[in-house]
Structures are given as structure tokens and as C-alpha cells.
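Here's the structure, in C-alpha cells; my notes come after.
Worth knowing before you read on, the calculation uses all heavy atoms, side chains too, and leaves out hydrogens, waters and symmetry mates. Note that this is a predicted model, so its numbers are computed, not measured.
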Amino acid sequence: MRSGEAGDIGNVDFTNGENGTVVTVHVSRSDDGMYTVHLMPMCDDDQIRVELHREKDLAVIEPSTSRPV
């Protein structure tokens with residue numbers, strides 16, 4: 001995640017029933033105009049699934065299929 005002006009980054013915290021943060025999501029725009037979604041889980045990795053809803057299809061990233069870079 002890059003640092004910068006307050007307008008460059010949006011933050012949303014999602015909480016569970018006990019008001020504990022489950023995941024923080026940041027959306028930022030880079031200098032090349034691309035948007036990047038950053039997920040910062042505050043729970044076990046195997047409790048997070050990412051779904052990318054696109055116009056014609058759906059991409060799902062499961063914990064067992066992702067890889068660190």
C-alpha cells in the first residue's frame with residue numbers, strides 16, 4: 001500500500017459480532033491510474049475468500065489456491 005494524500009486511500013473495517021475487526025480493506029489509486037484493493041485480514045488466513053465480480057464472470061481466490069509474492 002502506498003502512502004500519500006488522504007484522498008488517495010479509502011479504508012473500510014469489517015467487524016464481527018463481538019465488534020472485533022475481521023478485515024480492513026484499502027482501495028488506492030496508483031500513479032499509473034490502476035486501482036489496487038488491499039485486504040488486511042485480522043483473522044485466520046483460511047477464513048478469507050476473495051471474490052472479484054466482473055462484468056462477464058467471477059474470479060474466486062481461495063486460501064488454498066493463493067500464493068505469496
Side-chain angles (χ1 to χ4, degrees):
M1 194 171 70
R2 74 176 214 178
S3 60
E5 299 291 324
D8 288 342
I9 299 175
N11 303 310
V12 177
D13 288 336
F14 294 92
T15 58
N16 59 19
E18 292 83 39
N19 206 28
T21 300
V22 176
V23 65
T24 298
V25 179
H26 302 275
V27 179
S28 63
R29 188 168 185 192
S30 61
D31 292 335
D32 65 2
M34 294 293 293
Y35 293 97
T36 303
V37 178
H38 308 268
L39 301 175
M40 300 178 68
M42 307 295 177
C43 60
D44 293 334
D45 289 345
D46 62 352
Q47 293 180 297
I48 297 289
R49 173 180 36 244
V50 176
E51 294 183 356
L52 176 60
H53 297 263
R54 299 181 283 205
E55 188 173 329
K56 295 184 179 184
D57 61 2
L58 170 69
V60 178
I61 302 169
E62 295 282 353
S64 61
T65 62
S66 63
R67 60 178 173 74
V69 290

Take C43 and V23, measure what side-chain contact (heavy atoms from CB on, under 4.5 Å) needs, and give me the verdict at the end.
CA-CA 7 Å; C43 60; V23 65; 6.0 Å; no
Atom of M42, atom of T21 and distance for their closest heavy-atom approach:
CB-O, 3.2 Å
Indicate, with yes or no, if M34 and V37 share a hydrophobic cluster defined by side-chain heavy-atom contacts under 4.5 Å among Ile, Leu, Val, Met, Phe, Trp and Tyr.
no
Linking I/L/V/M/F/W/Y whenever their side-chain heavy atoms sit closer than 4.5 Å, directly or via other members, would V25 and L52 fall into one cluster?
no
I'd like to check Q47 versus P41 (side-chain heavy atoms, cut-off strictly below 4.5 Å). Are they in contact?
no
